[in-house]
Q: 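Sharing a structure, written as structure tokens. Questions coming.
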Amino acid sequence: MNKELPKVYDPQKYEDDIYKKWEDSGFFNPDVCVDKGVCEKDAETYTIVLPPPNITDKLHLGHVVMVAISDILIRYNRMNGKRALWIPGTDHAAIATQNVVEKKILKEQKKSRHDLGREKFLDEVNKFVKETQATIIHQLKKTGASLDWSREAFTLDEQRQKAVKQMFVDMYEAGAIYQGHRIVNWCPRCQSTLADDEVEHKEQDAKFYTFKYSKDFPFAISTTRPETKLGDTAVAVNPDDKRYKKYIGQELEVNFCGMPLKLKIIADDNVDSEFGTGALGVTPAHSMVDYEMAQKNNLEIKKVIDEQGKIIEGLSEFGGKRVKEARKMIIEKLTEQNLLEKEEDIKNNLAICYRCGTAIEPLTSKQWFVSVDKKLKKLGNKSLKEKAIEVAKKGEINFVPERFSKRYLDWMENLHDWCISRQIWFGHQIPVWYKGDEIYVGAEKPSGAGWTQDEDVLDTWFSSGMWTFSTLGWPFSAKAMAGKPNKTDDLKTYHPTQVLETGYEIITLWVSRMIMMSLFAVDQIPFENVYLHGMVLDAKGKKMSKSKGNGIDPLEMIEKYGTDAVRMSLIINNTPGNDMKMSEQKIAEFRNFANKLWNIARYAITNYEPCLPAGRLGITNYKIERSECTLADRWILDKMHNLVKEVTQDIEEFKFSQAGEMLRDFTWNDFADWYLEISKFEKTENKNKILMKVLQDLLKLWHPFMPFVTEAIWGELGNDVSNKEFLMVNSWPTFVKDTAGKPENEKDFDLVRDIITAIRQIKSTNKIPPKEKIKAVIYAGDKVELIESQAELIKSLRTGVEELEIKPSLADGRAGKEKSEAPADAKFSKIDDIKIYILKN
RNA sequence: GGGCAUAUAGCUCAGUUGGUUAGAGCGCUACGUUGACAUCGUAGAGGUCAGUGGUUCGAGUCCACUUAUGCCCACCA
């Protein structure tokens, strides 16, 4: 009747344009929303910080899941009038980034980082960072994320550097950070320490050797790593092992392959007398377990392997040899001396670096640690660990799904001190200065000459652990805001955040650190809810990876099917904490759905007066008189009302898939298939109002899920999508909380369905359906006419039926009940065999 | 070795606190449309809810055990 819309929704035509308009409007920033009057000044806040993607990342489907879920929450809360803030940022990912750049310069310039030197190398890294950062940010925008770009942060930008230094100093002064000589996981390739949870295990074939240290040693030991035996300072046996009981406490001197060793025989419960010979050579410097035994028994710690993975110079003839080489030599020697008793093939779990896959060499080294067990005054004389466990146990932090709180607690309870120094160049350099024996810990270099800064940088998780409050301006927020009137003190206003949306694999690495650091720094939990999504797998349930070539590139999919379709495909049919299988076909399905929604609007716009102005606060400038409504009208309105309630509740409970499915079901099966079909028979002014009202509310409900197509339609309805009339800042439909679950006239409407079904069938088949299929009666006005011939019926349908009223009370063919309020001349052969009547005025 | 999860239609999965005849999407079959709709509509086939036992008036749902698969943690010196 009015405007012509294209038959097919073309996402490419709208998406970038809409995103730009949103961005330009400033509404992603809640302060602007307040300024422009789309939300109240003192409205409740709702904050999410985006888990910062590594700058080395390209956007993958996991990111899109994260964005889709967070964006649903943010948009939903924004529409509900809250000051919704979603902070974007990127992570410098110290080791990962350095590795990438090292590879790059090796390939392009044939140089190592040492060839370049620290300063030049960091220039290269920073150049790289600028490019990749821009890429990932551009990609995030393509996903429709309503992130407040005015607050964009980087874990290594100036503001965050200040915060990290301050944090280090505060923790040091409180006694939560110390420097110690302890055993650490060392990656000989990365030339750096790794935290316990950055070590992965891989099963491999290994040789298990059984031998005596020397001829005069009374019994044999077993090991897979003979070369480390150069550093043995004890032999451990089970205290109950009869074979060795007599030796416990003795100190034996042996010559092991030309290396003199002093070995104390100790007893330890951890030794399994069934395994190997039941005797274990203790190498405190190169085994985590042995190190602990050494601590307990006051053993000497002798380092035999250096940071290059080579035997330390001066150790007999093995000095300078690589580990594997030394192992071979030692076995040869033992064989020569006839000391080797057994050589078995076993499966062994090798510790490898999570970044580069190189075998980890445990060794002792002087490093910086966060003490998780030290009681801190600042935390009310509790340790970081205790405090972090306490908040979870008290339920201050809610995990979705709940089962992950157990994983969190298990992890926390077994937590050891966290080694935070890394021997790489890219990252936050440790704010510690040395001059001779003097040491100074502080944010700035101390005055006076001769101070040199610690060369190490901090574990990348140290800065990302601060993410919720460092992005909100800690510790300078209040000061920084002092000179700017109208600005909020972000930290005070927006912290703690409401939700952390992330993958479950990162609970230990990240979530636990955030909790500890936030409790320490600002005495608040960092977030109230942790929503954990699963991994996105390929159609066969395999992990997507570059090498397998089974990955789905989200940007390609966005190009092809539109952002809304990609987002929907990741939301529907998915529950928190569970992995999901993805395929291109699934995305195509939702492209079709977006198109369906588009065509619903197209139908509405072309057949009815399109825009009854929506009004920003959901106040439609028209009123629907219930008394004027037909049964179908009341049905769709009730159904809609119920839908608003259900969808709202589901989003509040993080049941996004369920909400989406309800919406889809309503949109397709109730609204499009039934109500729009009915409306074809009765084009009244009232229908027009109702249809538009339902359509507009439906768009609102869909908006958090499919922001682009809904905003596009909203614009086509005649709203001015350049200002406050954005659907994005429109208000969420209202509902009455305590209405019962089902629409009051649900049952009645089943009849309407039956009628429409019959009409459709008649229309499409040109045949009167078999009697048993017909369960309803149609009449209009007060004249009843039984139509028996097919031709007549079709004629009636196609000609002048202006108003079609449906009275379910006329016949209720269900449950064997008969309510005979039918007009006197209506004829029923039997109650289950109702005929179709078209009644004309 | 410890822990967690999953097992429901051919495929991907929902199923809230136990309550009529277990649902959706895709796929499949038949018929019909292509004047809102890369369609769409109508009808239909398809399930011993992994197995066994238990609690209950009633179990896909709660409990125990078993089987299969996946993951996490620890670790074999």
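All chains are named by letter (A, B, ...) in the order of the sequence lines, taking the proteins before the strands, and each is independently numbered beginning at 1.
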Q: Between A:Y675 (OH) and B:A36 (C1'), how many Å, whole number?
A: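 One finds 16 Å between C1' of B:A36 and OH of A:Y675, rounded.
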Q: Taking any heavy-atom pair under 4.0 Å as a contact, classify A:F404: base, sugar-phosphate, or nothing.
A: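 Result for A:F404 = nothing.
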Q: Does any nucleotide pair with B:G25 by Watson-Crick or G-U wobble geometry, both distances under 3.5 Å, and what is it?
A: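 Checking every strand shown, B:G25 finds its partner in B:C11, with both distances under 3.5 Å.
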Q: Kindly say whether A:I558 contributes a backbone atom to a donor-acceptor pair with the side chain of A:T563 at under 3.5 angstrom?
A: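 Checked: no pair found.
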Q: Atom CH2 of A:W668 to atom C1' of B:G23: distance rounded to whole Å?
A: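 It works out to 18 Å between those atoms.
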Q: Between B:C63 and B:U6, how many Å separate the two P atoms, rounded to a whole number?
A: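 Nearest-Å result for B:C63 against B:U6 at atom P: 12 Å.
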Q: Does the side chain of A:N599 get closer than 4.0 angstrom to OP1 or OP2 of B:U39 through an N or O atom?
A: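 No, A:N599 has no side-chain N/O under 4.0 Å of OP1/OP2 on B:U39.
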Q: Counting any heavy atom closer than 4.0 Å, what does A:R664 reach on the DNA or RNA strands: base, sugar-phosphate only, or nothing?
A: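 Contact class for A:R664: sugar-phosphate only.
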Q: Let me know the distance between CG of A:L409 and P of B:C4, rounded to the nearest Å.
A: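 My rounded result for the distance is 13 Å.
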Q: In whole Å, measure the gap between the C1' atoms of B:G47 and B:C37 for me.
A: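 The answer is 33 Å between these two C1' atoms.
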Q: It should be established whether A:K581 places a side-chain nitrogen or oxygen under 4.0 Å from OP1 or OP2 of nucleotide B:C13.
A: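 So the side-chain polar atoms of A:K581 do come within 4.0 Å of the phosphate oxygens OP1 or OP2 of B:C13, strictly under.
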Q: Using atom C1' of each nucleotide, how far apart are B:U56 and B:U69 to the nearest Å?
A: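 Looking at atom C1' only, B:U56 and B:U69 are 32 Å apart.
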Q: Take atom C1' in B:C49 and the same atom in B:G41, then report the distance between them in whole Å.
A: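 Between the two C1' atoms, the distance is 31 Å.
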Q: Once you apply a heavy-atom cut-off of 4.0 Å, does A:N595 come out as touching a base, just sugar-phosphate, or nothing?
A: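 Base contact.
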Q: Please report the distance separating the C1' of B:U21 from the corresponding atom of B:G58, rounded so that it comes out in whole Å.
A: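 It comes out at 15 Å once rounded to the nearest Å.
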Q: In B/S/- notation, 5' to 3', how is nucleotides 67-77 of chain B contacted by protein heavy atoms closer than 4.0 Å?
A: -----S--BBB
Q: To the nearest 0.5 Å, what is the distance between OG1 (A:T228) and NZ (A:K302)?
A: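 These two atoms lie 11.5 Å from each other.
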Q: What interatomic distance, in whole Å, is found between P of B:U17 and the corresponding atom of B:G60?
A: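 The answer is 16 Å between these two P atoms.
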Q: Does A:Q585 reach a base, just sugar-phosphate, or nothing at all? Heavy atoms under 4.0 Å.
A: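 Sugar-phosphate contact only.
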Q: Taking the P atom of each, how far is B:G44 from B:A38, in whole Å?
A: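 The same atom, P, in both gives a distance of 26 Å.
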Q: Under 4.0 angstrom, heavy atoms only, what part of the nucleic acid is A:T575 near: base, sugar-phosphate, or nothing?
A: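 Sugar-phosphate, no base atom in range.
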Q: Just to verify, which of A:R407, A:K393, A:K385, A:K406 counts as forming a salt bridge (Lys or Arg N to Asp or Glu O under 4.0 Å) with A:E413?
A: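 In the set A:R407, A:K393, A:K385, A:K406, the residue that makes a salt bridge (Lys or Arg N to Asp or Glu O under 4.0 Å) with A:E413 is A:K393.
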Q: Step by step, would you call A:K639 with A:F671 a side chain to side chain contact (heavy atoms under 4.5 Å, CB included)?
A: CA-CA 10 Å; A:K639 198 101 185 175; A:F671 192 49; over 6 Å; no
Q: Please report the shortest heavy-atom distance between A:P362 and A:M288, naming the atom on each side.
A: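 Heavy atoms only, the tightest pair is CB-CE, 4.2 Å.
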Q: CE of A:M580 versus C1' of B:A14: gap in Å, rounded?
A: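 A:M580 atom CE is separated from B:A14 atom C1' by 15 Å.
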Q: Which is true for A:K596 with a 4.0 Å heavy-atom rule: it touches a base, it touches only sugar-phosphate, or it touches nothing?
A: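 The answer is base, as A:K596 lies within the cut-off (heavy atoms under 4.0 Å) of a base atom.
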Q: For nucleotides B:A50 and B:C40, find the distance between their P atoms and express it as a whole number of Å.
A: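 Looking at atom P only, B:A50 and B:C40 are 33 Å apart.
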Q: Across all strands, who's sitting opposite B:A64 as a Watson-Crick or G-U wobble pair, both distances under 3.5 Å?
A: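 WC or wobble partner is B:U52.
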Q: What integer distance in Å separates A:N573:CG from B:G25:P?
A: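 Going from A:N573 (CG) to B:G25 (P), I get 11 Å.
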Q: Donor-acceptor check, side chain of A:S569 to backbone of A:K586, threshold 3.5 angstrom: yes or no?
A: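 No, because the side chain of A:S569 does not come within donor-acceptor range (under 3.5 Å) of the backbone of A:K586.
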Q: A:M516 and A:L415: which non-hydrogen atoms are nearest, and at how many Å?
A: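 The pair with the smallest heavy-atom distance is CE-CD2, 3.8 Å.
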Q: Nearest 0.5 Å, please: how far is CD1 in A:I72 from CZ in A:R567?
A: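 So the CZ of A:R567 and the CD1 of A:I72 are separated by 6.5 Å.
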Q: Applying the Watson-Crick and G-U wobble criteria at under 3.5 Å, what pairs with B:G46? Answer none if nothing qualifies.
A: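 With both distances under 3.5 Å required, B:G46 matches none.
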